[in-house]
*Asks:* 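I'd like to ask some things about the structure below.
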Amino acid sequence: MADLTRRSLLGAAALAGLPASIARAAMIAPDVRKGTIEDVAHVVILMQENRSFDHYFGTLRGVRGFGDRFPIPLAPVDGRQRTVWEQQDCAEDGAEHGKARLTPPFHLDTQARFDVMRIAGTPHTWPDAHAAWDQGRMGNWPEAKTRRAMGHYRREDIPFQFALAETFTICDAYHCAIQTGTNSNRLFLWSGTNDPHGTHGGPAIGNSHDNFPEQGGAADDYLWTTVPERLQAAGIDWRIYQDMADNFTDNPLVGFRAYRKANQGAGDPALRERALSTQALDRLRGDVLGGTLPQVSWIIADAVGSEHPGPSSPAQGALYTAQVLDALTADPRVWARTVLLVMFDENDGFFDHVPPPAPPSFAADGSLLGASGVDTAGEYHRHAAPGEEKIDEPRLRGRPYGLGPRVPMYVVSPWSRGEWVNSQVFDHTSVIRFLETRFGFEETNISPWRRAVCGDLTSAFDFSAPDRAPFGPLPDPRADALRAAEIASQPDPAPPAEPRAFRQEPGIRRSRALPYRLEVTERIGSSGPVLRFAADGAAAVFHVYDRSALSLPPRRYTVAKGQRIDGQWDWDDQGGYDLWVLGPGGFHRHFAGRREDPVIGLSWHLSPFRLELQAEVDGLRLHSMRTATPLPQESVMKRHAAISLRESLGWYDVLIETPGAPHWRRRLAGRVDLEGRETTSDPFRTD
């Protein structure tokens with residue numbers, strides 16, 4: 001077993017110049033017994049409030065942030081081509097001289113004016129969330145969410161959050177579960193569903209049931225089974241740590257009949273004691289020290305600690321998270337067998353540039369924009385939402401529920417130390433699936449589509465238990481939290497009059513292996529191109545943006561493991577095609593050309609550390625789109641080419657063109673994942 005003596009921990013913390021309680025989490029090695037997930041004795045879940053991934057970590061090195069090489073294309077504005085980084089804002093003051101204003105992300109500089117630490121919140125309900133997402137077009141975010149939604153922080157603004165991400169593991173493809181606000185997303189964390197079929201008191205798309213009826217919540221009850229009830233039935237110990245006088249109405253269980261009855265003394269007393277009583281962080285610390293920490297715990301912050309814009313701030317949320325770590329590491333032997341998962345329920349309205357994986361949307365004529373090889377039952381909003389009449393707009397019936405925008409997710413444990421990024425697609429139901437994997441119960445509320453598309457979080461860990469050296473200590477957030485508490489009002493910062501460059505920190509970080517083995521190939525049919533989508537690893541959602549028709553939503557294809565799905569496009573008005581494909585894990589394909597192009601007969605094959613290309617003609621030009629590559633910047637291909645990917649650790653990015661057809665091009669980019677083999681984040685991304 002690892003050395004867990006208090007003397008060794010205190011010595012390391014003293015060298016770091018920080019309180020021992022904050023340094024402990026980084027210093028404690030895992031308690032390895034079987035070298036599997038069974039070594040995890042305690043899972044603790046802290047869901048914070050209302051921050052998007054780009055809002056916090058767009059500038060963090062080694063993640064999919066502002067240096068993303070494949071920002072989605074958007075419909076032109078005033079004849080100008082643009083990407084997702086240039087958001088149209090046609091609000092009342094958004095146009096000058098007859099032209100639309102384009103708003104990029106902008107820095108919330110707390111060094112220049114500290115009050116932006118307490119930036120005002122933004123709209124975050126079902127209608128405005130769908131307006132910002134726009135079925136995947138994502139081009140009018142400031143109009144739906146206000147201009148301040150484009151604001152983001154940097155390392156110097158939120159040092160605790162950056163240090164936590166760099167000491168442990170950050171997930172850069174973790175999405176909120178549904179395109180709406182707090183309570184509905186929390187329902188997915190605590191129960192795996194929002195009752196989409198409306199058979200048990202749902203569907204939930206708002207906050208109508210976030211309190212007891214006598215305290216303003218809806219009078220009708222939710223009736224479906226929750227995860228705590230599943231755990232209890234399976235004999236698994238659990239508890240919610242919270243202050244019932246101030247949990248910011250963030251306990252979604254208060255909307256369920258079983259818990260409401262328990263609260264009135266008429267139901268299961270265990271539900272009241274474990275889910276509806278005040279058990280604050282002092283109780284959490286006491287349970288750690290007393291050896292009574294449950295197998296599964298949820299923590300609900302008070303308003304000040306919640307990190308929610310307005311009552312809280314990044315600095316105050318950091319202090320609360322530090323206090324949680326302080327409690328959990330009070331006994332090093334307990335922390336050595338504990339996993340802490342910290343995520344955010346939704347993005348508020350803060351901008352994130354990555355289009356969320358979702359089932360296909362429907363066109364105006366009712367046709368499906370794409371296809372799904374996985375059952376999508378329960379993934380579309382088709383029924384009236386009780387108590388949500390104000391936001392349940394008829395025009396949004398038939399829209400997918402989610403996934404929603406990316407939100408931060410820290411995986412904090414002795415098995416996830418060491419500055420890792422994990423880029424597998426997850427959502428709030430992934431947390432439940434991690435519990436399923438560890439404790440052996442089944443949550444039947446999770447839909448087939450989510451089970452296929454979203455992982456179970458196990459890929460974020462290495463339970464074989466290498467004792468990695470600890471990384472940098474966590475900054476003490478107390479001073480900034482005290483300053484933030486003194487801010488009297490929440491500012492509404494505007495982007496600068498002249499847009500400024502926004503950049504991501506240079507460098508890479510270690511990346512966990514991904515389960516994807518994706519491919520998209522093409523053939524030219526009589527009426528246009530046909531793309532074939534394949535997933536030989538985990539299931540995946542492919543987005544296809546038709547750059548000849550960007551006013552339309554993208555098509556989305558959900559492909560199950562081992563499946564092949566075809567999609568056909570007609571020639572555009574010029575007899576051409578220009579299809580831009582995005583998948584998870586850095587996957588990208590671009591197919592463009594004209595009807596009159598000669599037959600090129602290009603094919604390719606990816607194998608470990610090697611990309612092979614084969615063509616039916618000579619003279620294709622290969623262009624490296626990479627910054628570090630064994631391939632010259634341009635080379636001429638004579639029917640066959642082999643490119644080593646060993647130096648790039650499996651990453652590739654090649655553009656193929658031909659002089660005889662100036663509109664014909666193919667771009668192949670992504671990474672080859674070997675099962676169980678770690679690699680790095682994108683080494684070729686822009687800075």
Side-chain angles (χ1 to χ4, degrees), residues 2 4-14 16 18-31 40-48 160 163-164 167-168 228 231 236-248 250-251 273-307 312 315-343 410-417 470 473-478 481-482:
L4 301 177
T5 65
R6 181 170 296 275
R7 175 174 294 181
S8 68
L9 294 168
L10 287 171
L18 290 174
S21 58
I22 304 302
R24 284 191 188 107
M27 299 300 298
I28 299 170
D31 180 358
V40 177
H42 312 282
V43 180
V44 182
I45 303 157
L46 169 61
M47 176 172 270
Q48 292 287 74
F160 183 90
L164 193 61
T167 305
F168 295 97
L231 296 176
I236 300 163
D237 191 23
W238 64 275
R239 180 173 298 282
I240 297 178
Y241 294 90
Q242 64 190 327
D243 181 351
M244 284 298 291
D246 179 10
N247 63 8
F248 203 39
D250 276 347
N251 183 343
E273 194 275 330
R274 296 183 184 201
L276 304 173
S277 62
T278 293
Q279 312 285 349
L281 295 187
D282 57 348
R283 169 68 187 270
L284 176 66
R285 174 186 284 274
D287 285 348
V288 169
L289 291 172
T292 56
L293 182 68
Q295 293 165 283
V296 179
S297 306
W298 290 267
I299 300 174
I300 302 175
D302 57 11
V304 170
S306 69
E307 228 152 322
S312 187
Q316 292 159 295
L319 178 58
Y320 189 85
T321 304
Q323 291 169 339
V324 169
L325 280 170
D326 177 74
L328 291 175
T329 57
D331 184 341
R333 289 173 176 79
V334 172
W335 177 252
R337 302 196 67 196
T338 297
V339 166
L340 171 64
L341 302 174
V342 184
M343 78 296 296
Y410 317 94
V411 179
V412 185
S413 84
W415 298 277
S416 58
R417 301 184 303 166
L474 301 179
D476 192 333
R478 286 175 292 187
L482 289 172

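Treat the numbers as computed from the prediction; the structure is a model and nothing was measured. Side chains included, hydrogens not; waters and symmetry mates left out as well; all remaining heavy atoms used.
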*Asks:* Can you tell me how far CD of Gln323 sits from CZ of Arg478, rounded to the nearest 0.5 angstrom?
*Replies:* 9.5 Å
*Asks:* What residues form a side-chain hydrogen bond (donor to acceptor under 3.5 Å, both in side chains) with Arg283, not counting sequence neighbours?
*Replies:* Gln279, Asp287
*Asks:* Closest heavy-atom contact between Pro477 and Ala322?
*Replies:* CG-CB, 4.0 Å
*Asks:* If you compare all heavy atoms of Tyr320 against all heavy atoms of Ile300, which two are closest, and at what distance to 0.1 Å?
*Replies:* OH-O, 3.6 Å
*Asks:* So, using ring pair (Phe, Tyr, Trp, His ring centres under 6.0 Å) as the criterion, who are the partners of Trp298 when residues are at least two apart?
*Replies:* Trp190
*Asks:* If you take all heavy atoms of Trp238 and Pro228, which pair is closest and at what distance?
*Replies:* NE1-O, 3.5 Å
*Asks:* Does Glu307 have any side-chain hydrogen bond (donor to acceptor under 3.5 Å, both in side chains) partners at least two apart in sequence or in another chain, and if so, which?
*Replies:* Gln48, Tyr56, Gln161
*Asks:* Please give me the minimum heavy-atom distance between Arg337 and Trp415, naming the atom from each residue.
*Replies:* CA-CH2, 3.5 Å
*Asks:* If I take atom CG from residue Leu284 and atom OG1 from residue Thr292, how far apart are they, to the nearest 0.5 angstrom?
*Replies:* 9.5 Å
*Asks:* Is any side-chain heavy atom of Val40 closer than 4.5 Å to one of Thr338?
*Replies:* no
*Asks:* Looking only at heavy atoms, which two atoms of Ser312 and Gly305 are closest? And how far apart?
*Replies:* OG-C, 3.9 Å
*Asks:* Is there a side-chain contact between Leu328 and Leu293, using heavy atoms and a 4.5 Å cut-off?
*Replies:* yes
*Asks:* The criterion is salt bridge (charged side-chain N to carboxylate O under 4.0 Å, His left out); which residues satisfy it with Asp250, sequence neighbours excluded?
*Replies:* Arg186
*Asks:* Taking only residues two or more places apart in sequence, or in another chain, which ones meet Asp237 in a side chain to side chain contact (heavy atoms under 4.5 Å, CB included)?
*Replies:* Arg274, Pro294, Gln295
*Asks:* What heavy-atom pair brings Pro414 and Ala336 nearest, and what distance separates the two atoms?
*Replies:* CG-CA, 3.8 Å
*Asks:* Rounded to the nearest 0.5 Å, what separates atom NE2 in His42 from atom OG in Ser413?
*Replies:* 13.0 Å
*Asks:* When you compare the side chain of Leu164 with that of Leu325, does any pair of heavy atoms fall below 4.5 Å?
*Replies:* yes
*Asks:* What is the distance from atom CG of Leu281 to atom CG of Asp243, rounded to the nearest 0.5 Å?
*Replies:* 10.0 Å
*Asks:* When you compare the side chain of Leu340 with that of Trp335, does any pair of heavy atoms fall below 4.5 Å?
*Replies:* yes
*Asks:* Find out whether Tyr241 and Val44 are in side-chain contact, i.e. whether some heavy atom of one side chain is under 4.5 Å from a heavy atom of the other.
*Replies:* no
*Asks:* Starting at CD of Gln316, measure out to CG of Leu482 and round the result to the nearest 0.5 Å.
*Replies:* 9.0 Å
*Asks:* Picking from Ile299, Ile45, Leu46, what satisfies side chain to side chain contact (heavy atoms under 4.5 Å, CB included) with Val342?
*Replies:* Leu46
*Asks:* The criterion is side chain to side chain contact (heavy atoms under 4.5 Å, CB included); which residues satisfy it with Ala303, sequence neighbours excluded?
*Replies:* Asp246, Phe248, Pro311
